Amino acid sequence: MWSWDVLHWTDVTQDPFTAFHIDKELVQKHMKCLLIGELAPGEPCMEPSKNAALVEDFRALRSTVEQMGLLKPNKLFFFAVLVHILLIDVLAWLNLYYFGPSLIPFLITALLLGTVQAQAGWLQHDFGHLSVFSKSKWNHLVHKFVIGHLKGAPASWWNHLHFQHHAKPNCFRKDPDINMHPLFFALGKKLSVELGVKKKKYMPYNHQHKYFFLIGPPALIPLYFQWYIFYFAVQRRQWMDLAWMISFYVRFGMTYIPLLGIGGTISIFILVRFLESNWFVWVTQMNHIPMHINYDENKEWMSTQLQATCNVDQSFFNDWFSGHLNFQIEHHLFPTMPRHNYSKVAPLVLSLCKKYGIDYQSKPLFTAFADIVHSLKESGELWLDAYLHK
């Protein structure tokens, strides 16, 4: 149960509420019907299991961030990101138009289009998090254009899943991003042992670090997302999202069927989704899969995010390749912060982590990739040991 008044939140849920919304007064108006009551003076406004000092220090950090202007976007930055995506898209078409549909131009165009899809994925993420415009409605509108027309996916589907992930990252049964446990993978040390003790075996988890290369990066988008997004849009009656999605496929067909024919267009589309899927899975999982995965432990906002999240070292390439999600810690603490400001807040976050002995991890890109495999191997071995001996 939570309570609030018109001036401020009195429960620890202030932190996720503040993190997710850019127009808090508007949101509170819609939440008046949920008001249960107000705490009496002197009543504790926080559960005793939470570290009150850490909560207050994080809120002070949040105030500092706001005063420094780190939540204000540079619209020119995001315009440049959009332009560079559109230029690569045009270059992909020009490559086939001038050099013909032989193998090398075909593969180069597929690589360029895969890059377009990956980079548009990071850009739609910015708009979905309300990081570009000061008004939510403009973020939502452009979000539909980028994810719908440039990528062929529904904005409502992304919103439905992604904000659950941010609220409870790596919390089993609350974070949809780890729903592959236990059907396909055994994730996390404690959850893997629990599966083994219960003698559950949906897959040979002790080999999951091997079959990850088959059913993980190459398959997620072409074999799952590609059909599920249509099911989601129709089942939820998200007709506007469906219209944006259809516009993507119409544009793609009109662009490439004259150059490649129907068969060639289908082939390059499948290859593009394959490339995009590999890019997407390695980047999105490197920050979370190697981290703590368990049931919800009801910790403070900062502790919840840090135990489930790690960074990848900054470089121009890493920033571009991951859409600045190499700063995953800062992104999870301040989801509406424009990504070009993550590097500016990172030293402040690191300082607060050191004060409270919170592990702040940052690693090289390929180390982060390898850690996905290593963590899957470790949890698979823990499952096998528990399955055979406990």
Side-chain angles (χ1 to χ4, degrees), residues 78-128 132 138-159 218-281 320 323:
F78 292 105
F79 178 73
V81 173
L82 176 59
V83 168
H84 112 282
I85 291 170
L86 297 178
L87 288 176
I88 297 172
D89 205 8
V90 172
L91 183 61
W93 178 83
L94 287 174
N95 177 64
L96 274 184
Y97 181 79
Y98 280 104
F99 296 105
S102 57
L103 179 61
I104 298 302
F106 181 91
L107 294 177
I108 292 174
T109 290
L111 180 61
L112 291 171
L113 290 176
T115 302
V116 167
Q117 288 303 301
Q119 291 298 320
W122 311 144
L123 183 60
Q124 68 82 22
H125 180 265
D126 296 315
F127 289 104
V132 183
W138 289 109
N139 285 293
H140 291 313
L141 178 61
V142 184
H143 186 216
K144 288 181 181 293
F145 166 76
V146 176
I147 195 173
H149 185 68
L150 297 185
K151 290 189 60 60
S156 55
W157 163 74
W158 184 89
N159 288 328
L220 181 65
I221 292 179
L223 296 185
Y224 178 55
F225 282 177
Q226 185 57 52
W227 66 266
Y228 183 75
I229 54 178
F230 282 95
Y231 169 80
F232 182 95
V234 173
Q235 195 267 337
R236 299 291 180 104
R237 300 187 178 184
Q238 297 292 333
W239 308 126
M240 184 60 70
D241 279 351
L242 186 62
W244 278 112
M245 293 165 62
I246 291 173
S247 75
F248 163 80
Y249 294 97
V250 170
R251 176 176 61 86
F252 194 91
M254 292 178 64
T255 302
Y256 288 102
I257 288 176
L259 299 176
L260 296 172
I262 295 177
T265 300
I266 293 174
S267 297
I268 201 169
F269 177 79
I270 293 173
L271 180 56
V272 168
R273 287 300 194 218
F274 169 81
L275 295 172
E276 175 196 4
S277 186
N278 279 275
W279 194 329
F280 172 80
V281 171
W320 174 82

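Remember, it's a predicted structure, so these values are computed and weren't measured experimentally.
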Trainee: How far does CG of Leu82 sit from CG of Asp126, to the nearest 0.5 angstrom?
Mentor: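 That separation rounds to 11.0 Å.
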Trainee: With side chain to side chain donor-acceptor pair (under 3.5 Å) as the rule and sequence neighbours excluded, what pairs involving residues 220-229 come up?
Mentor: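 Checked against side chain to side chain donor-acceptor pair (under 3.5 Å) - neighbours excluded - the pairs reaching residues 220-229 are Gln226-Tyr249, Gln226-Arg273.
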Trainee: Can you classify the ring geometry of Phe127 versus Phe78 as parallel (below 30°), tilted (30 to 60°) or perpendicular (above 60°)?
Mentor: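 Phe127 vs Phe78 ring planes: tilted.
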Trainee: How close do Glu276 and Ala118 get, heavy atom to heavy atom, and via which atoms?
Mentor: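 That would be CG-N, 4.5 Å.
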Trainee: Check whether any side-chain heavy atom of Phe274 sits under 4.5 Å from a side-chain heavy atom of Pro218, and report yes or no.
Mentor: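 Yes; the side chains approach each other to less than 4.5 Å.
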Trainee: Looking only at atom types and distance, does a side-chain atom of Asp241 sit under 3.5 Å from a main-chain N or O of Gly148, one as donor and one as acceptor?
Mentor: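 Not at all, since once roles are kept as given, no pair shorter than 3.5 Å links the two residues.
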Trainee: What distance do Trp93 atom CH2 and Tyr98 atom OH have between them, rounded to the nearest 0.5 Å?
Mentor: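 Here the rounded value is 7.0 Å.
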Trainee: Taking all non-hydrogen atoms of both residues, which atom of Ala92 and which atom of Thr109 are closest, and how far apart?
Mentor: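 What the structure gives for the nearest pair is O-OG1, 2.9 Å.
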Trainee: Any pair with a residue in residues 81-90 that passes side chain to side chain donor-acceptor pair (under 3.5 Å), sequence neighbours left out, goes on the list, sorted by first then second residue, please.
Mentor: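 Found His84-Trp320, Asp89-Arg251.
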Trainee: Sub-3.5 Å donor-acceptor pair from the side chain of Ser247 to the main-chain atoms of Trp244, do we have one?
Mentor: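 Yes, because the side chain of Ser247 sits within donor-acceptor range (under 3.5 Å) of the backbone of Trp244.
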Trainee: Which label fits Phe280 and Trp122: parallel for a plane angle under 30°, tilted from 30 to 60°, or perpendicular past 60°?
Mentor: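 Geometry flag for Trp122 against Phe280: parallel rings.
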Trainee: To check you understand the geometry: which heavy-atom pair defines the closest contact between Ile229 and Pro154, and what is its length?
Mentor: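 Looking at all heavy atoms of both residues, the shortest contact is CB-CD, 3.6 Å.
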Trainee: Are Val234 and Leu242 side-chain neighbours, meaning at least one heavy-atom pair lies under 4.5 Å?
Mentor: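 SC-SC contact between Val234 and Leu242 confirmed.
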Trainee: Evaluate the side-chain proximity of Leu150 to Leu86: yes if any heavy-atom separation is below 4.5 Å, no if none is.
Mentor: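 They are in contact (side-chain heavy atoms under 4.5 Å apart), so the answer is yes.
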Trainee: Do the side chains of Trp279 and Thr115 get nearer than 4.5 Å, heavy atoms only?
Mentor: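 Heavy-atom side-chain distance check passes, below 4.5 Å.
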Trainee: To the closest 0.5 Å, what do you measure between CG (Leu275) and CD1 (Ile270)?
Mentor: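 Reported value, rounded in 0.5 Å steps: 12.0 Å.
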Trainee: If you take all heavy atoms of Leu112 and Ile88, which pair is closest and at what distance?
Mentor: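 For Leu112 versus Ile88, the nearest heavy atoms are O-CG2, 3.5 Å.
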Trainee: Could you pull out the closest heavy-atom pair between Ala110 and Leu271, with the gap in Å?
Mentor: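 So the two residues come closest at CB-CD2, 3.4 Å.
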Trainee: Let me confirm one number: the NE2-CD distance from His149 to Gln124, rounded to the nearest 0.5 Å.
Mentor: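 His149 NE2 to Gln124 CD: 15.0 Å, rounded to 0.5 Å.
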Trainee: Please report the interatomic distance CG(Leu113) to CG(Leu91), rounded to the nearest 0.5 Å.
Mentor: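 The distance works out to 9.5 Å.
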Trainee: Which heavy atom in Phe252 sits nearest to a heavy atom in Ile268, and how many Å separate them?
Mentor: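 Shortest heavy-atom contact: CZ-CG2, 4.0 Å.
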Trainee: Can you find a heavy atom in the side chain of Phe232 that is under 4.5 Å from one in the side chain of Ser156?
Mentor: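 Yes, at least one pair of side-chain atoms sits under 4.5 Å.
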Trainee: Test your reading of the model: is there a side-chain donor-acceptor pair from Thr265 to the backbone of Tyr256, 3.5 Å cut-off?
Mentor: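 Here the side-chain-to-backbone pair exists.
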Trainee: To the closest 0.5 Å, what do you measure between NZ (Lys144) and CE (Met245)?
Mentor: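 Output value for this atom pair is 11.5 Å.
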